[in-house]
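Being a predicted model, the structure only gives us computed values, none of them experimental.
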Amino acid sequence: MSQTYSQSQGGMGSQLQLQNRLQGLRSSIQNIQEIANDTARACTIAALDLEEIGDSEKVSEIDASLRALIDAQHRLEVERALVTRLATQLDSETAENEYMTAWKKNINKYEKMSESSKYGKNDMYREFRQQIWDVKHEGEPMPNLFDGEQGGDDSDEDLVIAGARVNYRCPVTATWLDDPVTSKVCKHSFSRESILDYIRAHGGNCACPVDGCSNRIKPQDLYADKVLERNVSRHLRQLESEETAAQYTMVQ
């Protein structure tokens, strides 16, 4: 009996070790996903610089790199979901086979998808293309991202991003965004000092101050949004230019 108990305890110990390893793997995948998001933001900044000087060839190269990054992120997300499921099936003799079957099924399905399905509905890619478009066409609707593609299941409504004017004011102070940060949780943006003061005043963890948002945010959820900072600067320069032109017209 003691031998059976010992074997049972040994099996439980091995299972616990495996669960810990799977938890570590999930954490590693999440860290890689964060790095991928940072890389995407860096790609956007570089592409904006190139678009401003008219180097469309380099912008296209970055576009292709971003698509490859999105493909990699999809594989990471599939891996994360399957590892999470595997952690609940450690006592199943077929867990390994089920894992590999599900992996191949998900990846094969993704590879057969049209480009409009892979990228046209991807928030990161849509935002990237919108940022590039706004460099020279701010306020104008962006054309269909995948015009003329056959075999996709997407409607034009899904693939055209409206050219609505973005609000570059901080939701907390209603002034122009200054040193903007964006929440990883809800994607809302704020002036750094104003949102940090707001969070501190509410105990370090509070509801997002944007009307209608039910998410909670804390300082660790915020990242410096350099792309948004550039957009705010460009927008203010445009407003100043329009104001100067209007004053000149009045004098004339």
In terms of hydrophobic clustering (I, L, V, M, F, W, Y; side-chain heavy atoms under 4.5 Å; direct or indirect links), are Met100 and Leu22 co-clustered? yes
Would you say the side-chain atoms of Gln33 and Glu77 include a donor-acceptor pair closer than 3.5 Å? yes
Hey, could you give me the CD/CD distance between Glu57 and Glu61, rounded to the nearest 0.5 Å? 5.5 Å
Within 6.0 Å of CZ in Arg21, more than 12 heavy atoms from elsewhere: no
Any ring pair (Phe, Tyr, Trp, His ring centres under 6.0 Å) pairs touching residues 34-84, not counting sequence neighbours? His74-Tyr110
Should the ring pair His137 and Trp133 be called parallel, tilted or perpendicular, given that the plane angle runs from 0 to 90° and is split at 30 and 60? parallel
Are Leu82 and Leu86 packed together at the side-chain level, in the sense that at least one heavy-atom pair is separated by less than 4.5 angstrom? no
Within the distance-only criterion (no hydrogens, no angle test), does the side chain of Arg216 pair as donor or acceptor with the backbone N or O of Cys208 below 3.5 angstrom? no
Do we get Arg41 above Tyr223's six-membered ring, with its NZ or CZ under 6.0 Å from the centre and within 45° of the axis? yes
Could you pull out all residues at least two apart from Trp103 that satisfy ring-ring contact (aromatic ring centres under 6.0 Å, His included)? none
Should Asn106 and Lys109 be marked as a side-chain contact (heavy atoms from CB on, under 4.5 Å) after you check the CA-CA gap, both sets of side-chain angles, and the distance that decides it? CA-CA 5 Å; Asn106 276 278; Lys109 180 180 178 181; 5.9 Å; no
Ion pair Arg237/Glu240, N-O distance below 4.0 Å: no
Using side-chain heavy atoms (C-beta onward) and a distance below 4.5 Å, is Asp71 in contact with Tyr119? yes
Not counting sequence neighbours, which residues clear salt bridge (Lys or Arg N to Asp or Glu O under 4.0 Å) with Asp178? List them please. none
Separation of Cys43 SG from Arg67 CZ (nearest 0.5 Å): 13.5 Å
Are any of the side-chain heavy atoms of Arg75 and Glu79 separated by less than 4.5 Å? no
Test of understanding: clusters of I, L, V, M, F, W, Y form through side-chain heavy atoms closer than 4.5 Å, transitively. Do Val232 and Val172 belong to the same one? no
May I have all residue pairs that pass ring pair (Phe, Tyr, Trp, His ring centres under 6.0 Å) and include part of residues 27-57, sequence neighbours excluded? none
Could you work out, with salt bridge (Lys or Arg N to Asp or Glu O under 4.0 Å) as the rule, every residue matching Glu98, not counting sequence neighbours? none
Could you give the distance from OG1 (Thr84) to CD (Gln23), rounded to the nearest 0.5 Å? 8.0 Å
Does any part of the side chain of Pro209, heavy atoms only, come nearer than 4.5 Å to the side chain of Ile217, both counted from C-beta? yes
Quick test of your reading of the model: are Glu52 and Arg230 salt-bridged, counting only N-O distances below 4.0 Å? yes
If I compare all heavy atoms of Ile199 with all of Leu222, which pair ends up nearest, and what's the gap? CD1-CD1, 4.1 Å
Main chain of Asn97, side chain of Thr94: is a donor-acceptor contact present, judged purely on distance under 3.5 Å? no
Smallest heavy-atom separation, Pro219 atom then Gly204 atom, equals CD-O, 3.6 Å
Apply side-chain contact (heavy atoms from CB on, under 4.5 Å) to the pair Val135 and Arg234, showing each step before the final yes or no. CA-CA 8 Å; Val135 170; Arg234 186 178 67 245; 4.2 Å; yes
Closest heavy-atom pair, His188 versus Phe190, reported as atoms and distance to 0.1 Å, is O-CE1, 3.4 Å
Quick one: do Ile195 and Tyr168 end up in the same hydrophobic cluster if we chain Ile, Leu, Val, Met, Phe, Trp and Tyr together by side-chain heavy atoms under 4.5 Å apart? no
Heavy-atom closest contact (Leu228 atom, Asp225 atom, distance): N-OD1, 3.0 Å
Answer yes if Ile35 and Leu66 sit in the same cluster of Ile, Leu, Val, Met, Phe, Trp and Tyr residues linked by side chain heavy atoms under 4.5 Å apart, and no otherwise. no
Who pairs with Asp221 by salt bridge (Lys or Arg N to Asp or Glu O under 4.0 Å), at least two apart in sequence or on another chain? Lys218
Going from CD on Gln220 to OG on Ser183, what distance comes out if it is rounded to the nearest 0.5 angstrom? 11.5 Å
Run Asp134 and Met142 through side-chain contact (heavy atoms from CB on, under 4.5 Å) and show every step you take. CA-CA 8 Å; Asp134 284 346; Met142 187 170 71; over 6 Å; no
Taking side chain as C-beta onward, heavy atoms only, is Asn231 less than 4.5 Å from Gln131? yes
Identify the heavy atoms of Asn122 and Lys118 that sit nearest to each other, and give their distance. CB-O, 3.7 Å
Any side-chain heavy atom of Thr44 sitting closer than 4.5 Å to one from Lys226? no
Would you check if Glu127 and Asp123 make a side-chain contact, meaning some heavy-atom pair closer than 4.5 Å? no
Same cluster for Val78 and Leu25 if Ile/Leu/Val/Met/Phe/Trp/Tyr side chains link at under 4.5 Å? yes
Measuring only between side-chain heavy atoms, which start at C-beta, is Leu48 closer than 4.5 Å to Ile132? yes
Might you confirm whether atom NZ of Lys105 has over 12 heavy atoms from other residues, nucleotides or ligands at distances under 6.0 Å? no
List the atom of Ala36, the atom of Leu69, and the distance in Å for their closest heavy-atom pair. O-CD2, 3.4 Å
Mind checking the OG-CG spacing from Ser191 to Asp197? Nearest 0.5 Å is all I need. 10.5 Å
Using 0.5 Å steps for rounding, measure from the CG atom of Asn167 to the CG atom of Leu177. 7.5 Å
Step-by-step side-chain contact (heavy atoms from CB on, under 4.5 Å) determination, Trp176 to Leu239: CA-CA 12 Å; Trp176 295 116; Leu239 289 180; 3.8 Å; yes
